[in-house]
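Encoded as structure tokens, the structure appears first; notes follow it.
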Amino acid sequence: MSRVGTPTTSRDKTIGLWTQRSSHVKLREAHSSCRASIQHYQRENGGRDMIKTVGYAGQSATAPLDVFRFERREPGKNDVRIEILHCGVCHSDLHTARNEWKGTTYPVVPGHEIVGRVSQVGPGVKGFRRGDLAAVGCMVDSCRKCPDCMEGLEQYCRNEIIFTYNSPDRHIGGMTYGGYSDCIVVDERFVLRVPTNLDLPAVAPLLCAGITTYSPLRHWKVGKGSTVGVVGLGGLGHMAVKLANAFGANVVMFTTSPGKVADAKRLGAHEVVISKNSDEMRKQANRFDFILNTVAAPHDLDAFLNLLRRDGTMCMVGAPALPHPSPNVFNLIFGRRQLSGSLIGGIRETQEMLDFCGEHGIVSDIEQIPIQKINEAYERMLRSDVKYRFVIDTASLPKEK
Ligand code: NAP
Ligand code: ZN
Ligand code: ZN
């Protein structure tokens, strides 16, 4: 029997992390109505001009990212226009640009670790002024009404979460375009304040890698007296080590890369385990209160579930394109262990995380790149060759609009 068109394989069933709330039909409609919507928007706004913007986009799952010119809306009443100075490069950008989660609409302009300077505000904006530093993370809007939004957990909005890229753009139609670009316009409710004492390019990764690790560490009350494992020393993993250490936990890093052992200790791990070494892994059994798994590829979860103590939790934040092999249920039953997941963090908690990082002098370890190196950076990310986050210097974008 033919299976063409029937989503029956596990790969087919993989749902795009950042697009799961948006049906494909909705995406297609949004895309095809783009031009008409821009014209409608201009009519509604007294024919106001759009903002000419230059960025880098992927035009298909296999095409390298390249220069892309597009338009953003002029700031409305509650909007903030930010001239983007730096944008971090998250593994989710790669998953989306290459359509690994399915649901990508092209062209796609990735980037959701954005810091910059405010150049314009709408008349209703209260919290930002021209010249302020400002940041934008993974979301630019949500329904604002559902119980999740009301609780400040917009990332779990049941109705309409609008991600910074690859979500339907409510204002001008088409899709939202992210931070691999020179400016962005966002409602102030989704704009964050940046501590002024930190190195600005190294703040950018806090907007995703920082909050994605801060939120579960806080939710599962990691602190003094906890023994915490962090799996995978990449962008998310290195922030998890720094934050868990700052919360006072005993931190054990699990890495597949022996070359990262010294770095893991410098970043704040008290012990480092090479996860490919089964003798070393066996010695870690039954000792962890909490394990944060940041790995971007499918792997054996049992190897880590075995390390939890009774009632311990392993939280998955890594979101590989293909599923992990199913864990052995006995590893959960014996020890009442829990396997869970977590998605970024709400706006209120993101601000709390930025303020915490300001107070404790915490930033990301970064390698700055010009935008022209983005495709090479993706390849290095796939080889686990990132120390520990690439950050794009947007001054390298072409000047002609
Ligand atoms: P990254 O910088 O590429 O780091 C991932 C790390 O995973 C690597 O450095 C490597 O660490 C380990 N790894 C990679 N391939 C592996 C393999 N085949 N086997 C074992 N370990 C492997 O990626 P990232 O930006 O931190 O993102 C990690 C994942 O989190 C991605 O899937 C991303 O989409 C997802 N994410 C989720 C959320 C959320 O809200 N849940 C938010 C952001 C990102 P070692 O060299 O130390 O082994
Ligand atoms: Zn991200
Ligand atoms: Zn909502």
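Each ligand, and each atom within it, is numbered from 1 in the order the structure gives. When reading the values below, keep in mind they use all heavy atoms of this one structure, side chains included, and skip hydrogens, waters and symmetry mates.
- Considering each of V295, T96, V317, the one bringing a non-hydrogen atom nearest atom 35 (C) of ligand 1 is V317.
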### Task
Kindly determine whether T227 and R309 satisfy side chain to side chain donor-acceptor pair (under 3.5 Å), including the steps that lead there.
CA-CA 10 Å; T227 299; R309 64 158 175 74; over 6 Å; no

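- Interface atoms of ligand 1 facing A297, defined by a heavy-atom separation under 4.0 Å, are 15 (N), 16 (C), 17 (C), 18 (N).
- Contact annotation: W101 has at least one heavy atom less than 4.0 Å from an atom of ligand 1.
- Within a 6.0 Å radius of NZ in K401, other residues, nucleotides and ligands contribute more than 12 heavy atoms.
- For the pair E349/I211, a side-chain contact is recorded, criterion being any heavy-atom separation below 4.5 Å from C-beta on.
- Metal site remark for the Zn ion (ligand 2): C138 contributes no N, O or S atom at a distance under 2.8 Å.
- Contact annotation for K260 and ligand 1: only side-chain heavy atoms (C-beta onward) come within less than 4.0 Å of the ligand.
- Judged by the shortest distance from any of its heavy atoms, V386 lies outside the 4.0 Å radius around the atoms of ligand 1.
- When each atom of ligand 1 is checked for a heavy atom of I344 under 4.0 Å away, the hits are 39 (C), 40 (O).
- The line from CD1 of I274 to CZ of F254 is 10.5 Å long, rounded to the nearest 0.5 Å.
- Against a heavy-atom cut-off of under 4.0 Å, S257 is close to the following atoms of ligand 1: 45 (P), 46 (O).
- R98 forms no cation-pi arrangement with Y378, by the criterion of a distance under 6.0 Å to the ring centre and an angle within 45° of the ring axis.
- At the Zn ion (ligand 3), the angle from SG in C157 to SG in C143 is 100° when rounded to 10°.
- Within ligand 1, the atoms closer than 4.0 Å to a non-hydrogen atom of A319 are 29 (C), 30 (O), 31 (C), 32 (O), 35 (C), numbered from 1 in the order shown.
- With a heavy-atom cut-off of 4.0 Å, T294 touches ligand 1 through its backbone alone.
- Seen from the Zn ion (ligand 2), atom SG of C208 and atom SG of C90 lie 130° apart in angle, a value rounded to 10°.
- Here the two rings, on F68 and Y106, have centers that are 6.0 Å apart or farther.
- Using a 4.0 Å cut-off between charged nitrogen and carboxylate oxygen, D365 and R266 count as a salt-bridge pair.
- Heavy atoms from both the backbone and the side chain of S92 come within less than 4.0 Å of ligand 1.
- Neither the backbone nor the side chain of C138 comes within contact range of ligand 1; no heavy atom lies under 4.0 Å.
- Cation-pi geometry between R218 and F247 is met: under 6.0 angstrom from the ring centre, within 45 degrees of the axis.
- Ionic pairing of R380 and E367 is present here: one or more N-O contacts between side-chain nitrogen and carboxylate oxygen are shorter than 4.0 angstrom.
- If you number the atoms of ligand 1 from 1 as listed, the ones under 4.0 Å from a heavy atom of R389 come out as 24 (P), 25 (O).
- The contact set between ligand 1 and G232, taken as ligand atoms under 4.0 Å from a residue heavy atom, comprises 11 (O), 47 (O).
- Classified by interplanar angle (parallel below 30°, tilted 30° to 60°, perpendicular above 60°), the ring pair H95/H91 is tilted.
- Between the side chain of S142 and the backbone N or O of E154, no donor-acceptor pair lies under 3.5 Å.
- Annotation: R170, atom CZ; neighbour count of heavy atoms from other residues, nucleotides and ligands within 6.0 Å is above 12.
- For the pair L233 and ligand 1, the shortest N or O to N or O distance falls below 3.5 Å.
- The shortest separation from a heavy atom of C208 to ligand 1 is under 4.0 Å, placing the residue in contact.
- One option in G345, G137, P320, G234 has a heavy atom closer to atom 6 (C) of ligand 1 than any other, and that option is G234.
- By the 4.0 Å heavy-atom criterion, M253 is excluded from the residues contacting ligand 1.
- At a 3.5 angstrom cut-off on N or O pairs, S342 counts as close to ligand 1.
- Formation of a donor-acceptor pair under 3.5 Å by the K399 side chain with backbone atoms of L397 is found in this model.
- Vertex the Zn ion (ligand 3); arms to C146 atom SG and C149 atom SG; angle 110° (nearest 10°).
- Taking a 6.0 Å sphere around CZ of R287, one finds it holds more than 12 heavy atoms contributed by other residues, nucleotides or ligands.
- Each of the atoms 40 (O) of ligand 1 lies under 4.0 Å from some heavy atom of L343.
- Residue contacts with ligand 1 for H95 involve side-chain atoms from C-beta outward but no N, CA, C or O (heavy atoms, distance under 4.0 Å).
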